[in-house]
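In what follows, a structure is listed as structure tokens, so that the remarks can point back to it.
Below, each value reflects all heavy atoms present in this structure, side chains not excepted, and no hydrogens, waters or symmetry copies. When a ligand or atom number is given, it counts from 1 through the structure's own listing order.
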Amino acid sequence: MLFAMPTKQNEMLATIEAEYRETAYLTRRSEPHPRVLQALADVPRRDFVPPNVKHLAYANSPLPIGSGQTISQPYIVALMTDLLNPQPEQRILEIGTGCGYQTAILAKLAGKVFSIEILDTLAERAALNLANYHNVELRCDDGYIGWPQAAPFDGIIVTAAASHVPEPLRQQLKIGGRLVIPVGLPNLHQELLLIERLDATEFKTESILGVVFVPLIRKHKSREENNTYDCDTDATGRGKEPNP
Ligand code: SAH
């Protein structure tokens, strides 16, 4: 896609397209869907990052958003959105609202977006950032258990790394629904998985790319129990980089 103005945002989009081409041998996807690219063009990333990193808003890299967390790298946001393939009539669940940037992209593409953030300070900031997105519902809670009252969902996206695929999330998918989730070792290496629900019991799993995400935090479990982090723990934010 050609972008008329050489703005920083357009440069970011061109960089995302270049990274798609470079990683196509792993992801089997050589370009972002035009709808996804348009959503990235419509949502100013600058509006979602904290003041101290505004000057880096359009860099193709993760950025700190406070509380040890990060806003994802734009290429990863594009790729995960593409894998989820949200459609205008669909209901989407996001785990890990963070600053709300990925939520806003989803809100442009889907009918309704439900998003859960476990940390109060980030949930509150996301609510402010997303005030003008009227098809978004936010909740501050442990997203591991999903959002049973709003289920089932056409798509579920998890933007923090889990040690395993949370069973409640699989069960809250519609038949034909898609779950996009990084699974692996917290803070070290995860595989970005695309899981499709084929019927009541069958799921198809595709491994897309090696990635590094901040860990999925659990509210009421110890670190040993779930191989992730307690809510009170100061989870150390790590950048989200493709790690092929
Ligand atoms: N999509 C966000 C990514 C933020 S990083 C963005 O682009 O800004 C991952 C987020 O997941 C962090 O905000 C972290 O606090 C949140 N998180 C971690 N474990 C969670 C859990 N169990 N439930 C909900 N959110 C969680």
Side-chain angles (χ1 to χ4, degrees), residues 12 39-40 43-50 53 56-57 59-81 84 86 92-107 113-130 133 136-148 155-169 172 180-183 186-187 190 192 211-221 223 225-241:
M12 180 190 87
L40 284 153
V43 178
R45 193 174 187 243
R46 196 173 191 285
D47 292 353
F48 290 83
V49 301
V53 290
L56 298 171
N60 185 29
S61 63
L63 294 171
I65 56 171
S67 309
Q69 304 303 320
T70 54
I71 178 174
S72 301
Q73 179 192 14
Y75 159 75
I76 289 288
V77 172
L79 180 65
M80 290 178 79
T81 309
L84 196 68
I92 301 295
L93 174 65
E94 177 190 36
I95 310 302
T97 320
C99 63
Y101 176 64
Q102 170 80 75
T103 324
I105 302 284
L106 295 170
V113 181
F114 299 83
S115 186
I116 309 177
E117 168 58 50
I118 199 166
L119 301 179
D120 314 16
T121 43
L122 290 176
E124 283 163 20
R125 185 146 15 101
L128 292 176
N129 290 345
L130 292 162
Y133 291 79
V136 170
E137 263 191 61
L138 302 174
R139 171 183 266 193
C140 186
D141 208 338
D142 182 352
Y144 184 96
I145 56 169
W147 195 321
I156 301 178
I157 180 171
V158 184
T159 66
S163 59
H164 57 272
V165 179
E167 191 55 29
L169 299 186
Q172 288 172 31
V180 179
I181 180 170
V183 173
N187 277 322
Q190 305 102 36
L192 185 60
V211 288
V212 180
F213 276 71
V214 291
L216 189 75
I217 304 162
R218 293 304 315 281
K219 215 171 188 174
H220 302 296
K221 297 211 171 171
R223 194 178 289 197
E225 264 179 299
N226 58 33
N227 195 24
T228 54
Y229 285 74
D230 272 341
C231 191
D232 298 333
T233 307
D234 180 20
T236 310
R238 254 311 256 283
K240 298 172 190 176
E241 311 272 16

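Nearest-heavy-atom check against atom 2 (C) of ligand 1 across Gly96, Ala162, Ser72, Ala126 picks out Gly96.
By the criterion of a heavy-atom distance under 4.0 Å, the side chain of Glu94, and not its backbone, is placed next to ligand 1. If you look at Leu122 next to ligand 1, the close heavy atoms, those under 4.0 Å, all belong to the side chain. Within the 4.0 Å heavy-atom criterion, the part of Gln69 lying near ligand 1 is the side chain and not the backbone. Using a 4.0 Å cut-off between heavy atoms, Asp141 contacts ligand 1 through its backbone alone, with no side-chain atom that close.
Side-chain contact check for Ser67 and Thr121: at least one donor-acceptor pair (N or O, by modelled atom type) lies under 3.5 Å. Inspection of the Glu94 and Ser115 side chains reveals an N or O donor paired with an N or O acceptor under 3.5 Å.
A side-chain donor-acceptor contact under 3.5 Å links Asp142 to the backbone of Tyr144. Between the side chain of Asn60 and the main chain of Met12, no donor-acceptor pair closer than 3.5 Å is present. At distances below 3.5 Å, not a single donor-acceptor pair connects side-chain atoms of Arg125 with backbone N or O atoms of Pro50. A distance-only check finds no donor-acceptor pair linking the side chain of Ser61 to the backbone of Gln73 [under 3.5 Å].
The contact set between ligand 1 and Val214, taken as ligand atoms under 4.0 Å from a residue heavy atom, comprises 5 (S), 9 (C). Close contacts between ligand 1 and Leu216 involve ligand atoms 19 (N), 20 (C), 21 (C), 22 (N) [criterion: under 4.0 Å to a heavy atom]. Listed by atom number, the atoms of ligand 1 under 4.0 Å from Gln102 heavy atoms are 1 (N). For ligand 1, the atoms closer than 4.0 angstrom to any heavy atom of Leu119 are 15 (O). Under a 4.0 Å criterion applied to the non-hydrogen atoms of Thr70, ligand 1 contributes the atoms 3 (C), 4 (C), 5 (S). Counting atoms of ligand 1 from 1 in the listed order, those under 4.0 Å from a heavy atom of Ile95 are 23 (N), 24 (C). Atom numbering of ligand 1 starts at 1 in the shown order; those under 4.0 Å from a heavy atom of Cys99 are 8 (O).
Contact annotation: Thr103 has no heavy atom less than 4.0 Å from any atom of ligand 1. Distances from ligand 1 to the non-hydrogen atoms of Pro215 include at least one value under 4.0 Å. Residue-ligand proximity: Val77 is placed with every non-hydrogen atom at 4.0 Å or more from ligand 1.
Annotation: Ile118 places an N or O atom under 3.5 Å from an N or O atom of ligand 1; distance criterion only. Every N/O-N/O distance between Arg218 and ligand 1 stays at or above 3.5 Å. Polar contact check, Tyr101 against ligand 1: no nitrogen or oxygen pair lies under 3.5 Å apart. For ligand 1, one of its N or O atoms has an N or O atom of Gly143 under 3.5 Å away. Taking any N or O of Ile217, backbone or side chain, at least one lies under 3.5 Å from an N or O belonging to ligand 1.
In this structure, Ile92 CD1 and Gln102 CD are separated by 10.5 Å, a value rounded to the nearest 0.5 Å. Considering CZ of Arg218 and CD1 of Ile118, their distance stands at 7.5 Å, rounded to 0.5 Å. From Trp147, atom CH2 reaches atom CD1 of Ile116 across 6.0 Å, with rounding to the nearest 0.5 Å.
Taking Tyr101 as the reference, Phe48 meet the ring-ring contact (aromatic ring centres under 6.0 Å, His included) condition, with sequence neighbours excluded. With sequence neighbours left out, Pro64 forms a side-chain contact (heavy atoms from CB on, under 4.5 Å) with Val53.
When side chains are defined from C-beta on, Leu216 counts as touching Val158, because their heavy atoms get closer than 4.5 Å.
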